[in-house]
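Counting from 1, the numbers follow the sequence of the chain as shown.
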Amino acid sequence: MDFPRIPIGDWVATGIDWLTINADFFFDFLSTIMKFLVEGLSDVLIAVPWPVMVLVLAALGWVLRSVRFAALSLVGFLLIVGMNQWDNAMLTLSMVLIATLLAVIVAIPLGIAAAQSDSVSAAVKPILDFMQTMPAFVYLIPAVTFFSIGVVPGLFSTIIFALPPGVRMTELGIRGVAEETVEAGQAFGAKRSEILFGIQLPLAVPTIMAGINQVIMLALSMAVIAGIVGADGLGKEVVSSISTLNLAKGVEAGLSVVFLAIFLDRFTGALGDKKARGKSSLLALARKARSSEPVTAA
């Protein structure tokens with residue numbers, strides 16, 4: 001006996017069609033904002049002469065990491081220029097940066113809320129599991145339905161795909177702070193918000209930055225896939241090379257993605273190390289309290 005079919009896909013399609021018809025003004029608003037952000041940033045990145053931009057990025061690598069990293073970054077970016085992929089790389093970089101910014105704006109507050117409340121954590125986890133396990137290409141279908149073809153559906157699907165690690169790592173970092181450190185802050189009369197921003201978040205910065213690093217890497221991978229729906233950049237070059245079996249173009253676009261990914265990965269890693277060295281007043285006070293005599297309640 002055949003098991004009756006459960007038309008979950010039909011139900012979802014009906015819901016998306018309803019949203020498309022009844023919330024069209026909302027999606028038009030989102031489309032305008034996202035298009036403005038991506039195109040504005042990409043125009044700025046492309047308007048800057050490539051020698052200046054290459055030197056600026058290499059200098060940032062030198063300041064935040066090392067001379068060796070700056071030299072390797074310089075070579076990588078010069079190779080991108082030599083392969084005539086610089087403009088495409090800047091288009092992809094603009095999408096990745098905007099997607100990361102919007103994802104982090106949502107992920108960090110949500111991760112903080114999940115760390116502060118077990119009920120929020122329990123509600124968020126299955127949603128994050130769903131978002132992480134759903135194949136990346138599936139996100140493009142509702143994105144195109146809502147926003148048509150172009151950079152906006154690519155950005156929308158990229159944000160959704162890259163969001164979960166930011167939430168998970170923020171929660172993990174805050175929950176990983178030693179209970180003794182939090183109790184020391186409480187013993188000195190620190191409020192809950194002061195403990196969060198003065199003790200827990202500074203100690204969680206390395207873990208949070210690791211989450212942001214993962215958000216960037218996932219955003220970059222999805223930005224390439226977004227070339228299927230017409231998003232300009234290296235992804236569109238890869239899709240074009242597949243459709244025309246142009247191996248040379250595919251290799252050049254792929255190597256440009258690799259160089260860009262390596263730079264962003266090392267850059268955010270170095271940024272996390274720099275921030276991890278910072279000391280806040282409450283954090284120093286809590287550490288001092290842990291090493292001193294136990295505080296007795298009045």
Side-chain angles (χ1 to χ4, degrees), residues 31 34-35 37-46 50 53-54 57 72-103 131-165 213-268:
S31 177
M34 290 190 287
K35 188 174 182 180
L37 291 174
V38 175
E39 291 185 351
L41 180 58
S42 62
D43 288 344
V44 171
L45 294 178
I46 293 175
W50 69 260
M53 183 62 70
V54 168
L57 293 174
L72 292 175
S73 299
L74 184 63
V75 171
F77 288 127
L78 289 177
L79 285 174
I80 293 176
V81 174
M83 293 184 294
N84 200 28
Q85 295 291 339
W86 180 255
D87 287 353
N88 290 322
M90 293 300 99
L91 290 170
T92 299
L93 179 61
S94 65
M95 178 182 287
V96 170
L97 292 179
I98 296 299
T100 300
L101 175 63
L102 296 177
M131 293 170 66
Q132 283 190 296
T133 54
M134 179 65 70
F137 289 94
V138 177
Y139 290 121
L140 297 176
I141 301 172
V144 172
T145 303
F146 291 144
F147 303 108
S148 186
I149 299 295
V151 67
V152 176
L155 179 63
F156 178 79
S157 55
T158 300
I159 293 170
I160 295 177
F161 183 69
L163 181 65
N213 177 274
Q214 291 301 306
V215 169
I216 292 175
M217 293 299 101
L218 290 176
L220 183 57
S221 66
M222 191 63 190
V224 174
I225 297 174
I228 296 174
V229 295
D232 291 329
L234 295 172
K236 196 171 185 178
E237 287 290 289
V238 172
V239 172
S240 174
S241 66
I242 293 174
S243 62
T244 59
L245 296 179
N246 190 332
L247 179 60
K249 181 191 287 187
V251 170
E252 291 173 353
L255 286 176
S256 299
V257 172
V258 171
F259 293 144
L260 197 58
I262 292 174
F263 175 81
L264 292 174
D265 177 63
R266 302 297 189 272
F267 183 83
T268 53

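In this structure, M34 CE and F147 CZ are separated by 4.0 Å, a value rounded to the nearest 0.5 Å. Here the CD-NZ distance, from E252 to K249, works out to 9.5 Å after rounding to the nearest 0.5 Å. For the atom pair L260 CG and L57 CG, the distance stands at 9.0 Å (nearest 0.5 Å). Going from atom CZ of F263 over to atom CG of L72 covers 11.5 Å, rounded to the nearest 0.5 Å. Between M95 atom CE and L41 atom CG the span is 11.5 Å, to the nearest 0.5 Å.
In this structure, T145 contributes its side chain and I141 its backbone to a donor-acceptor pair below 3.5 Å. Checked by atom type and distance alone, the side chain of S240 never pairs as donor or acceptor with a backbone atom of E237 at under 3.5 Å. A distance-only check finds no donor-acceptor pair linking the side chain of T158 to the backbone of A99 [under 3.5 Å]. Y139 places a side-chain N or O within 3.5 Å of a backbone atom of M131 that can act as its donor or acceptor partner. Side chain of S94 to main chain of L91: a donor-acceptor pair is present (N/O by atom type, distance under 3.5 Å, no hydrogens or angles).
Only one option out of I159, L37, L93 pairs with I98 in a side-chain contact (heavy atoms from CB on, under 4.5 Å); it is L37.
Other residues, nucleotides and ligands contribute at most 12 non-hydrogen atoms within 6.0 Å of the NZ atom of K35.
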Given side chain to side chain donor-acceptor pair (under 3.5 Å), test D265 with N213 step by step and report yes or no. CA-CA 6 Å; D265 177 63; N213 177 274; 2.9 Å; yes
Walk me through it: do V257 and Q85 pass the test side-chain contact (heavy atoms from CB on, under 4.5 Å)? CA-CA 10 Å; V257 172; Q85 295 291 339; over 6 Å; no
